[in-house]
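Everything below concerns the one structure shown next.
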Amino acid sequence: DASLRLAATIIPFGQRLKVLLARDISTLSRLEQVRRDFVANVSHELRTPLTVIHGYLELLDPADVPELAPVLGEMRMQSQRMQQIVEDLLTLSRLETREALPDEEVAMIPLLETLRREAVALSQGRHRISVEATTGVRLRGSIHHLHSAFSNLVSNAVRYTPSGGEIVIGWRQTADGGAIFSVRDSGLGISAEHLARLTERFYRVSSSRSRESGGTGLGLSIVKHVLNLHQGRLVIESEPGRGSTFSCVMEASRVLPPDHGGIFRAE
Ligand code: ADP
């Protein structure tokens with residue numbers, strides 16, 4: 001019977017395929033482990049020499065060698081940048097090996113106010129910055145990691161929004177009991193072809209512009225990892241030339257009752 005013969009040939013083939021696939025995945029995960037260890041070791045080893053170089057550069061007084069002052073300034077800036085890259089790589093390596101983060105009660109209203117103050121300091125009066133919180137619910141998670149992830153989105157909004165633009169930091173509940181932290185800006189925006197790749201390490205829409213803005217290209221990868229460890233998702237909506245909204249969507253299981261009654265608005 002033709003259909004039986006066909007089934008007989010398909011089944012062993014299917015089994016072989018499964019075996020091959022299983023082997024392939026184990027090789028891949030071994031390679032992934034090697035890559036992770038390599039990045040972690042290299043970053044760790046680079047940390048001490050960089051600290052020493054940076055320390056000595058800070059000790060040199062440009063007034064002693066005025067003709068070298070611009071060179072010294074550039075060296076300090078670049079060594080600081082290198083330190084930031086190494087720190088971000090270490091942060092990413094640590095996040096990759098974590099299975100869970102501390103379960104703390106994160107009061108969002110004070111955190112939103114802190115984020116607003118950080119944005120104002122970074123913006124130096126170049127943007128209109130406000131907070132719009134329509135809920136006082138708190139989050140269950142790591143205060144340190146959530147702060148750094150949200151802070152990353154806020155600093156990106158400032159860095160990628162030209163002077164005169166607007167930035168709104170939001171906190172609201174969803175119909176299913178979850179909550180959304182968002183940062184909306186009226187900045188450069190991101191075209192569709194880049195959107196899906198933004199959270200990859202070192203991925204940048206324009207490398208020269210990002211370098212000027214002082215980033216490492218690792219910020220959004222860190223954000224994504226932190227959210228994953230909180231069962232959250234990063235949603236990016238953007239229109240080139242009009243601005244972007246980065247939303248951290250948190251599940252209801254991560255939301256704690258409010259400790260703050262009213263609606264909060266600050267400018
Ligand atoms: P970087 O350190 O380069 O800012 P990130 O991982 O934080 O790295 O962001 C990756 C890239 O995404 C940035 O280089 C930039 O091109 C783009 N990007 C991030 N946030 C925004 C934003 N709010 N508006 C426009 N582009 C953005």
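Residues take their numbers from the sequence shown, with the count starting at 1. Heavy atoms only: backbone and side chains are in, while hydrogens, waters and symmetry mates are out. Indexing begins at 1, ligand by ligand and atom by atom, following the structure's order.
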Using a 4.0 Å heavy-atom cut-off, which part of [X] comes near ligand 1: side chain, backbone, both, or neither?
X    : answer
R159 : side chain
V223 : neither
F246 : side chain

Worksheet item: Run the side-chain hydrogen bond (donor to acceptor under 3.5 Å, both in side chains) check on S238 and S244 step by step: do they pass?
Response: CA-CA 4 Å; S238 189; S244 321; 2.9 Å; yes

Practice prompt. Check the pair T114 / R117 against side-chain contact (heavy atoms from CB on, under 4.5 Å), numbers first and verdict last.
Written response: CA-CA 5 Å; T114 305; R117 266 190 273 115; 4.3 Å; yes

Counting from 1, what ligand 1 atoms have a heavy atom of [X] closer than 4.0 Å?
X    : value
T216 : 2 (O)
G217 : 1 (P), 2 (O), 3 (O), 6 (O), 8 (O)
Y203 : 10 (C), 11 (C)
V205 : 16 (O)
S244 : 24 (N)

Between [X] and ligand 1, does any nitrogen or oxygen pair lie at a separation below 3.5 Å?
X    : value
R204 : yes
Y160 : yes
S221 : no
L220 : yes

Discussion item. Using side-chain contact (heavy atoms from CB on, under 4.5 Å), reason through L28 and E32 one step at a time and then give a plain yes or no.
Written reply: CA-CA 6 Å; L28 264 183; E32 181 65 13; over 6 Å; no

Item to complete: Could you check Q33 against R30 for side-chain contact (heavy atoms from CB on, under 4.5 Å), going step by step and ending with a plain yes or no?
Response: CA-CA 5 Å; Q33 183 65 41; R30 230 189 356 262; 5.5 Å; no

Worksheet item: Do other residues, nucleotides or ligands put more than 12 heavy atoms under 6.0 Å from the CZ atom of R201?
Response: yes

Practice prompt. Report the relative orientation of the aromatic rings in F181 and F150; use parallel for angles under 30°, tilted for 30 to 60°, perpendicular for over 60°.
Written response: parallel

Worksheet item: Among all residues two or more places apart in sequence or in another chain, which pass the ring pair (Phe, Tyr, Trp, His ring centres under 6.0 Å) test with F246?
Response: none

Worksheet item: Can you list every pair that meets side-chain hydrogen bond (donor to acceptor under 3.5 Å, both in side chains) and has a residue in residues 141-153, with sequence neighbours left out?
Response: E118-H147, E118-S151, S142-H145

